[in-house]
Amino acid sequence: VSVAGERDARSGGSLLGWQLLGMALFLFIPLVLFLFVRHPEPVGVSLAAGVALMVGHRFLARPYMEAVRTRKCLWCNGRPRPQPQGEVLPLLVGGRGGADAAAGELVAVVCSRHRDPAARFVAFLERARLPLRLGIFAPLLLLLAALVAAALGERRWLDPAVALFQGLVGITVNVAAFGYLAATAPSSGGGSAPARVPFPAHNFFLLGIRNLLWVFRLVGIWWIVVAVLFVLGRSR
Ligand SMILES: [Zn+2]
């Protein structure tokens with residue numbers, strides 16, 4: 001083994017490699033959304049493939065999170081600064097009360113100057129978890145129900161369910177992406193308890209939160225426009 005190879009093995013591969021792998025794992029999410037929103041024929045196959053990818057994704061994304069959570073900044077997706085490892089940001093993950101086997105504390109690293117936005121974002125997610133969860137999961141359940149109905153031959157609910165999904169999810173992700181800016185930062189240090197991430201935490205490690213929020217803003221606004229155009233087209 002060469003010296004360079006040894007160094008790479010010790011640091012666990014190059015940062016670029018981990019960033020590219022994170023992007024590849026992130027692409028599962030738009031693929032699932034494509035299968036649900038565009039539902040290529042036959043609809044039943046698109047639905048089954050989307051659900052299988054959605055359920056299976058965590059088995060790749062969780063080990064990825066474990067591998068990168070002390071290597072990349074959770075906020076900017078780069079090497080945590082100052083070297084060697086920036087600052088730690090403890091987070092609570094999983095369900096309350098410890099009934100969930102995956103519940104516990106998770107330590108991420110962030111750049112010193114990215115600790116505040118990352119902590120503020122997670123604290124906002126926790127505080128706004130009920131409307132945010134409702135804004136994602138209610139339209140998702142309706143869309144899945146409409147896809148099942150369409151697969152069984154009843155298609156009349158499908159287009160409205162897609163538009164409702166895009167509109168409500170578009171609004172919700174924009175609330176998350178802009179809302180945290182208005183939220184007050186939790187006191188750093190000073191014994192404040194770590195915030196609890198109310199969504200599967202591994203999704204925030206794939207691109208870093210800052211990049212993810214730009215995807216939320218841009219795709220969210222696009223989807224809101226699509227939903228409004230659907231409503232206008234119906235009322236004509
Ligand atoms: Zn950073």
Side-chain angles (χ1 to χ4, degrees), residues 4 7-30 57-58 60-94 102 104-129 132 172-221:
R7 195 171 55 228
D8 244 22
R10 223 176 312 135
S11 68
S14 75
L15 184 68
L16 179 64
W18 286 113
Q19 288 167 333
L20 290 174
L21 185 57
M23 199 176 294
L25 288 172
F26 176 78
L27 290 176
F28 275 68
I29 297 169
H57 182 246
R58 70 198 62 188
L60 298 173
R62 273 193 201 144
Y64 175 83
M65 171 177 76
E66 283 303 318
V68 299
R69 67 188 172 81
T70 56
R71 291 194 170 105
K72 294 192 308 182
C73 169
L74 174 60
W75 183 256
C76 71
N77 210 36
R79 201 175 295 288
R81 292 180 193 285
Q83 295 285 345
Q85 79 149 39
E87 284 188 34
V88 297
L89 178 66
L91 303 168
L92 295 175
V93 294
E105 189 172 297
L106 180 98
V107 174
V109 298
V110 284
C111 304
S112 294
R113 66 199 179 95
H114 292 150
R115 193 182 196 285
D116 182 67
R120 194 200 295 211
F121 175 72
V122 175
F124 176 74
L125 285 188
E126 186 183 25
R127 223 172 304 145
R129 63 188 178 278
L132 292 178
T172 305
V173 296
N174 268 289
V175 167
F178 286 107
Y180 89 94
L181 295 170
T184 51
S187 58
S188 55
S192 63
R196 183 177 295 276
V197 186
F199 292 93
H202 49 258
N203 290 324
F204 297 103
F205 288 83
L206 302 177
L207 299 181
I209 293 172
R210 188 171 69 185
N211 294 326
L212 182 67
L213 294 187
W214 279 109
V215 174
F216 280 4
R217 291 178 186 120
L218 297 174
V219 174
I221 289 167

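Both counts, for ligands and for their atoms, begin at 1 and track the order of listing.
Below 30°, between 30° and 60°, or above 60°: for Phe204 and Phe121 the angle between ring planes is above 60°, a perpendicular geometry.
Around the Zn ion (ligand 1), protein atoms of type N, O or S found under 2.8 Å number 4.
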Check: Is there a side chain to side chain contact (heavy atoms under 4.5 Å, CB included) between Val197 and Leu106 once you walk through the steps?
Finding: CA-CA 10 Å; Val197 186; Leu106 180 98; over 6 Å; no

Item checked: side chain to side chain contact (heavy atoms under 4.5 Å, CB included) between Leu207 and Met23, intermediate numbers included -> CA-CA 6 Å; Leu207 299 181; Met23 199 176 294; 4.3 Å; yes

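Taking the six-membered ring for Trp and the full ring otherwise, Phe124 and Tyr180 have centroids separated by 6.0 Å or more.
Using a distance-only test at 3.5 Å, with no hydrogens or angles considered, no donor-acceptor pair links the side chain of Arg62 to the main chain of His202. Panel note: side chain Lys72, backbone Gln19; no donor-acceptor pair is recorded below 3.5 Å.
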